[in-house]
Structure formats: C-alpha cells, structure tokens
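Below: the structure, in structure tokens.
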There are 2 protein chains.
Amino acid sequence: MVRLTVQRQAILDLINRSNQHWDAEELARCLGENGEQLGIATVYRGLAALENAGLIQSIQLADKKRYERADKGHHDHLVCIKCGDIEEFCDNKIESRQQQVAQDRSFQMTGHQLLIFGVCQSCSNDSRESETP
Amino acid sequence: MVRLTVQRQAILDLINRSNQHWDAEELARCLGENGEQLGIATVYRGLAALENAGLIQSIQLADKKRYERADKGHHDHLVCIKCGDIEEFCDNKIESRQQQVAQDRSFQMTGHQLLIFGVCQSCSNDSRESETP
DNA sequence: ATTGATATTGATAATAGTTATCATTCTTTG
DNA sequence: CAAAGAATGATAACTATTATCAATATCAAT
Ligand SMILES: [Mn+2]
Ligand SMILES: [Mn+2]
Ligand SMILES: [Zn+2]
Ligand SMILES: [Zn+2]
C-alpha cells in the first residue's frame, strides 16, 4: 500500500479538509502558502499514488485532471461553461442503465465518467439581469 | 457559415467516408498519404470550424480530442482500456435522466459526455485464452 | 545501531497536444 | 480590378504532465 510520507499526508489532508476539485497546480500553490512547500513533480506523483490507493478520486476535464475527497463516494458532475463551477449529483437510474449497456455488449465495465455541461443557476441569473427588457 | 475550402472539404470527406474516431495527427497523416497534404495547424483549425458548423462531432478523451461523422447523431462511448477500441451506444433512459438531473438543479444543460471504461469483448476473450487453466 | 535494498523527493528536461503568430495566399464584395 | 476579409502553413509558444537522475529518506534484517 501507499507510503504516507509527510508530503503525501499534506496533500491528502488538504483535499480531505476541503470540498473542492483541485488541480495539481492549485494544490501545490495552496500548500506552499501554508508552509508545506513541495515540488510540483511530487504533487503529481503523490496525487497518482493516493488515487491508486483509493484515498482520493479524480475527474478528467478537457484540459486537466481535478482531484477531490474519496469519502463522498462515486458521483458525477455538472460543469458550468461560464464560471467553471462544478456541481455534483448521483443518479441511480443512470448508474444502473450503464451497467446494463455494458452487459448487453459483453463489455467488462471498470468505471465511467459522466460530465454534463451547461450554465449554472447563478450564471443564468447573472445574464438575465444584464438583459435589455 | 463555414467556408468549405479544399482543405476542409478533404478533412470532411475523409471523416464522412469512414467510421472511426480520428485525432488530428491521424487525419493529417492519412490525408498526406493520399496526396492531400495539409499543415497540422490547418487540420486543427479545420476540425474546429467543421465542428462549430455541426458538420462533424467530437469526443474529448483524457489525452486528445477525437472527431467523427455528425450524421450518426448523438451517442455515447465505451472505451476499451486494453486496446483503445471505441464502441458506441445511445440509451434514451440515460439521456432523459440527464435532462431531469439538470432541470432539478436549474442547470441549463448544453451538452454532455458519457464515457464508459472497461475491457471490450475481444480483449476479454484474448486474456481468457492465455490463462493457465 | 549499521548496513544495504528500496522508495521518495525535487529540480529540471522532455513530451504531447494544441493554440498563437505572422507573412503569404486565396476569396469575396463593391 | 482593388480593398477587405479569411484561410493557410511553418513554426514558436503554451499547458499539463511524465521522465530523468542525483540526493534523501525509509525499511528490514542483521
Ligand atoms: Mn465531485
Ligand atoms: Mn462515436
Ligand atoms: Zn456558472
Ligand atoms: Zn479491447
């Protein structure tokens, strides 16, 4: 299993204390600001190790990977194309239909990722305000 | 609307004649081998322009974007983690549940992407053969 | 505790996919 | 035809991530 070095523990603690979806750079910066400065390569390796161990989870966005706490369990995401905000949801009907789809094709599913893109509530309020009525 | 230059027409034709999920590099190489050599930047720009116009569609994988015919309409994908093979499916129950999830949160959905990862049938056959029984 | 094997770190080079720049070459429009 | 507007292609630049490698740290016996 993973060796929980001070560096990895720092990464894990920060992620577990928060509710965000962190990218490697943000994480390194935040740790640095809190006196826990670690090399960017160590952050990438630490994140990979922690994810392998199931201690954190991630989502792959178009440009970068983002990590979050694993104790929330599996869920999927709504991504706002205006502000980048990420909301979460889990729909059991969707989850079970996916199993079915895979089974129907003799495809041994190991995982999945569902991203819903669009405009979040707060962003659509913002644009409504600035309309010419 | 898009200007259908000879370069873009070549890209579009190749995609429309095939059933694959092309990345920019593959496309450029294949065109080059068929006497339609175009700069890689032109390929990237052409793909973006054609997609904007709705003439092709794409999926964003972890490492790169892959393009395919648009006339098949929307569908989602099963990606084999062994051989990279990409299968397609469309499940109306999943599609409608997504609408519901978005609506419930006042999230204005503009699109989505569902990737199911796992081992395809042919790859799981392969590994069964090489087992010690 | 000492030693030797193994794993981790951090600085930095390298890689991969993609976008930006810019001079040149089409197209379109008046 | 001439000016304005796009598109092209070579290549530089950029971003996220991985590879390299020497220096440390940790582990597992002796
Ligand atoms: Mn999440
Ligand atoms: Mn497809
Ligand atoms: Zn938003
Ligand atoms: Zn396969």
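Note that the structure is predicted; figures quoted are calculated from it, not measured. A note on names: the letters A, B, ... follow the listed sequences, proteins ahead of strands, and every chain is numbered from 1. No hydrogens, no waters, no symmetry mates; every other heavy atom, side chains included, goes into these values.
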Rounded to whole Å, please give me the gap between [atom1] in [X] and [atom2] in [N].
{"X": "B:M1", "N": "D:dA6", "atom1": "CE", "atom2": "P", "value": "11 Å"}
{"X": "A:R45", "N": "C:dA11", "atom1": "CZ", "atom2": "C1'", "value": "10 Å"}
{"X": "A:L27", "N": "D:dA16", "atom1": "CG", "atom2": "C1'", "value": "15 Å"}
{"X": "A:L47", "N": "D:dT17", "atom1": "CG", "atom2": "C1'", "value": "12 Å"}
{"X": "A:L50", "N": "C:dT8", "atom1": "CG", "atom2": "P", "value": "11 Å"}
{"X": "A:E36", "N": "C:dT9", "atom1": "CD", "atom2": "P", "value": "12 Å"}
{"X": "A:L31", "N": "C:dG10", "atom1": "CG", "atom2": "P", "value": "11 Å"}
{"X": "A:E25", "N": "D:dT15", "atom1": "CD", "atom2": "C1'", "value": "9 Å"}

Candidate nucleotides [options], ranked by approach to the side chain of [X] - the nearest:
{"X": "B:T42", "options": "D:dT11, D:dA6, D:dT8", "answer": "D:dT8"}
{"X": "A:R8", "options": "C:dT12, C:dT9, C:dT19", "answer": "C:dT9"}
{"X": "A:R3", "options": "C:dT18, C:dT8, C:dG10", "answer": "C:dT8"}
{"X": "A:L38", "options": "C:dT18, D:dA16, C:dG10", "answer": "C:dG10"}
{"X": "A:Q7", "options": "D:dG5, C:dG10, D:dG9", "answer": "C:dG10"}
{"X": "A:K64", "options": "C:dC26, D:dG9, D:dT17", "answer": "D:dT17"}

A:H21 versus A:I59: any side-chain heavy-atom pair under 4.5 Å?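 In short, these two side chains touch, coming nearer than 4.5 Å.
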Between A:D71 and A:R69, is the closest basic N to carboxylate O distance under 4.0 Å?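 Between A:D71 and A:R69 there is a salt bridge, with a charged N closer than 4.0 Å to a carboxylate O.
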Whether the A:N125 and A:Q121 side chains hold a donor-acceptor pair (N or O, under 3.5 Å, no angle test) is what I'd like checked.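 The criterion, which ignores hydrogens and geometry beyond distance, is not satisfied for A:Q121 and A:N125.
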Short side-chain N/O contact from A:Y44 to OP1 or OP2 of D:dT17, under 4.0 Å: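 Yes, A:Y44 has a side-chain N/O under 4.0 Å of OP1/OP2 on D:dT17.
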Look at B:T5 and D:dT8 and indicate whether a side-chain polar atom (N or O) is within less than 4.0 Å of OP1 or OP2.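 Yes, such a contact exists.
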Regarding B:D63, tell me which of base, sugar-phosphate or nothing describes its non-hydrogen contacts under 4.0 Å with the strands shown.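 Sugar-phosphate contact only - B:D63 comes under 4.0 Å of backbone atoms but never of a base.
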Which sits closer to the 5' end of DNA chain D, B:I40 or B:V2, going by the nucleotide each is nearest to?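 First, find each residue's nearest nucleotide; the 5'-ward one identifies B:V2.
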Could you check, using the six-membered ring where one of them is a Trp, whether A:H112 and B:H77 have ring centers closer than 6.0 angstrom?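 No.
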In the strands shown, is C:dC22 matched to any nucleotide by a Watson-Crick or G-U wobble pair with both distances under 3.5 Å, and which?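 Checking every strand shown, C:dC22 finds its partner in D:dG9, with both distances under 3.5 Å.
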Identify which one of B:E25, B:E51, B:E26 satisfies the salt bridge (Lys or Arg N to Asp or Glu O under 4.0 Å) criterion when paired with B:K65.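 Single pass found, and it is B:E51.
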